[in-house]
Amino acid sequence: MIKDVLHKTAGLALGAAAFAAACLTPLPCQAQGRPATAAEGHPLMWVVHGPQGTLYLLGSFHLLQPAAQWEDSRIDGALAAADHVWFELTGFDDQAQAVQAFQKYGYYAGPELSQHLDADTTKRLSDALTRHGMSLDKVQAFKPWAVAIVLADKTLADDGFDGGQGVDLTLYHKALAAGKDVEGFETMDFQMGLLAHVDDTDGLSLLKETLQDDDDGAAKMAELAQAWLHGDEPALVKDAVTEMKSDYPMLYKRVLLDRNLSWEPRIEDMARARGTSMVVVGAGHLIGPDGVVAHLRADGFTVDPVP
């Protein structure tokens, strides 16, 4: 399920760009998935009481189905109290920038995709693309990891998973409407560039796994979304952190660990500053032994779950 891990750790830019790339076909790209059963949730959230102020940490889920009822009084209260709200990036709903970054990093300079694939993988990919209203011709210039993300995005979109329903985009627009100081840790170009150095070996592994999961990928994503919705931290660590670290250690380092470490000085500054701040990033960045919460505690901060 490495493709699902990527959706939650690489940020909304990745999903938005891949979805936009899928829309290179003349077929409609609106999410047409089955409606999910409404379920009231309780996502993972922490509070850091600094010497002069308060910092809230909310673990987000980037793609959700419309029926997911995740907003609660804890989240609303933290957003209302926050003077500053930080996301993985700002402007992540800018489709033009997403497509530009995708084209910059996800395209081959050399031979077309099918020349890098064996005959069986080529046929399976062609069949999968056809099932989702796309064609192999439209992705011949894409690198294997980019095709995997396009296919995963389309599979999930067909089942109703949508970045527009995700936590990040929802709270981003609410924070802007409320006149909050909104900041981002990264740029869209940086996020897409995270995968620019994925070699063909890992990229082909990712593509083949995505093809294997094509029939049940959305169902697995729904299970992970339920674990997130109900704050099941052990399940999230197992499925969205441990597996990635074991199967793709270099990608884990680049997509999770290195980014956590780059954000933490600013997060610690927020924890020490006056006033109230809120950080909304993918839940995978906050949990596990390399997560922001564990690192803050190791640096002497008191970090408590918000019940």
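Of the possible polar contacts, none joining the Asp269 side chain to the Arg272 backbone as a donor-acceptor pair under 3.5 Å is found. Here the side chain of Arg124 pairs no donor or acceptor atom with the backbone of Asp120 at under 3.5 angstrom. When atom types are taken as modelled, the side chain of Thr242 and the backbone of Val237 share a donor-acceptor pair closer than 3.5 angstrom. Remark: the backbone N or O of Gly59 is paired with a side-chain donor or acceptor of Trp228 at under 3.5 angstrom. Proximity of a side-chain donor or acceptor of Asp181 to a complementary backbone N or O of Asp83 within less than 3.5 Å is not detected. Put simply, the side chain of Gln140 gets close to the backbone of Ser114: a donor and an acceptor are under 3.5 Å apart. For the pair Lys245 (side chain) and Lys253 (backbone), a donor-acceptor distance under 3.5 Å is absent.
Asp247 and Tyr252 are not linked by any side-chain donor-acceptor pair at a separation below 3.5 angstrom, with hydrogens and angles left out of the test. Under 3.5 Å, the side chains of Glu88 and Trp263 contain no donor-acceptor pair of N or O atoms.
Within the 4.5 Å cutoff, the side chain of Val255 has heavy atoms near those of the Arg259 side chain. Between Leu236 and Val241, the closest side-chain pair of non-hydrogen atoms is not below 4.5 Å. No side-chain heavy atom of Lys180 sits less than 4.5 Å from a side-chain heavy atom of His84. Within the 4.5 Å cutoff, side-chain heavy atoms of Leu125 are placed close to those of Leu117. Looking only at side-chain heavy atoms (C-beta outward), Val167 and Leu171 come within less than 4.5 Å of each other. Met244 has its side chain within reach of Leu256: a pair of non-hydrogen atoms, C-beta onward, lies under 4.5 Å apart. In this structure the side chain of Glu112 reaches within 4.5 angstrom of the side chain of Gln115, judged on heavy atoms.
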May I have the step-by-step check of side chain to side chain contact (heavy atoms under 4.5 Å, CB included) for Leu63 and Asp153, ending in yes or no? CA-CA 10 Å; Leu63 304 172; Asp153 253 15; 4.3 Å; yes

Working note: Thr90 + Tyr172, criterion side chain to side chain contact (heavy atoms under 4.5 Å, CB included); need CA distance, chi angles, decisive distance, verdict. CA-CA 8 Å; Thr90 55; Tyr172 174 66; 4.0 Å; yes

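Using a cut-off of 4.0 Å between Lys/Arg side-chain N and Asp/Glu carboxylate O, Glu71 and Lys174 are scored as salt-bridged. A salt bridge links Lys104 with Asp189: at least one charged nitrogen is closer than 4.0 Å to a carboxylate oxygen. Residues Lys208 and Asp118 are paired through a salt bridge, judged by an N-O separation under 4.0 Å between the basic side chain and the carboxylate. Salt-bridge annotation for Glu243 and Lys238: absent, with no side-chain N of the basic residue lying under 4.0 Å from a carboxylate O of the acidic one. Here Arg266 does not pair with Glu183 in a salt bridge; the nearest charged N to carboxylate O distance is not below 4.0 Å.
Applying side chain to side chain contact (heavy atoms under 4.5 Å, CB included) to Val279 and the options Tyr56, Phe87, Trp86 leaves one that passes, Trp86. Applying the side chain to side chain contact (heavy atoms under 4.5 Å, CB included) test between Trp46 and each of Leu296, Leu55, Val293 identifies Val293 as the sole match. None of Val48, Leu44, Val47 except one satisfies the side chain to side chain contact (heavy atoms under 4.5 Å, CB included) rule with Leu57; the exception is Val48.
Across Ala82 and Ser277, no two heavy atoms sit closer than the pair CB-C, 4.3 Å. When all heavy atoms are compared, the tightest approach of Ser60 to Val280 is CB-CG1, 3.9 Å. Ala271 and Phe301 get closest at one heavy-atom pair: CB-CE2, 3.6 Å. Residues Val182 and Ala175 approach most closely at CG2-CB, 3.7 Å, considering heavy atoms. Of all non-hydrogen atoms in Pro289 and Ala294, the two that sit nearest each other are O-CB, 3.7 Å. Listed here is the closest heavy atom pair of Phe61 and Met221: CE2-CE, 4.1 Å.
Considering only residues two or more places apart in sequence or on other chains, Arg254 meets the side chain to side chain contact (heavy atoms under 4.5 Å, CB included) condition with Leu194, His197, Val198, Leu251. Taking Asp127 as the reference, Lys123 meet the salt bridge (Lys or Arg N to Asp or Glu O under 4.0 Å) condition, with sequence neighbours excluded.
The CG atom of Asp72 sits 7.5 Å away from atom CE of Met45, with the distance rounded to the nearest 0.5 Å. Residue Thr122 holds its OG1 atom at 11.0 Å from NE2 of His116, rounded to the nearest 0.5 Å. For the atom pair Ile267 CD1 and Leu286 CG, the distance stands at 7.5 Å (nearest 0.5 Å). Taken to the nearest 0.5 Å, the CZ atom of Phe190 stands 6.0 Å off from the OG atom of Ser262. With values rounded to the nearest 0.5 angstrom, Leu64 atom CG is found 8.0 Å from Thr170 atom OG1.
Taking the six-membered ring where tryptophan is involved, the planes of Phe102 and Tyr107 are perpendicular, since the angle between them exceeds 60° and thus also 30°.
Counting non-hydrogen atoms of other residues, nucleotides and ligands closer than 6.0 Å to CD of Gln100 gives a total of 12 or fewer.
Within the structure, side chain to side chain donor-acceptor pair (under 3.5 Å) pairs that include any residue of residues 295-307 comprise Glu264-His295 (at least two apart or interchain).
Side-chain rings of Trp70 and His42 stay apart, their centers remaining 6.0 Å or farther from each other.
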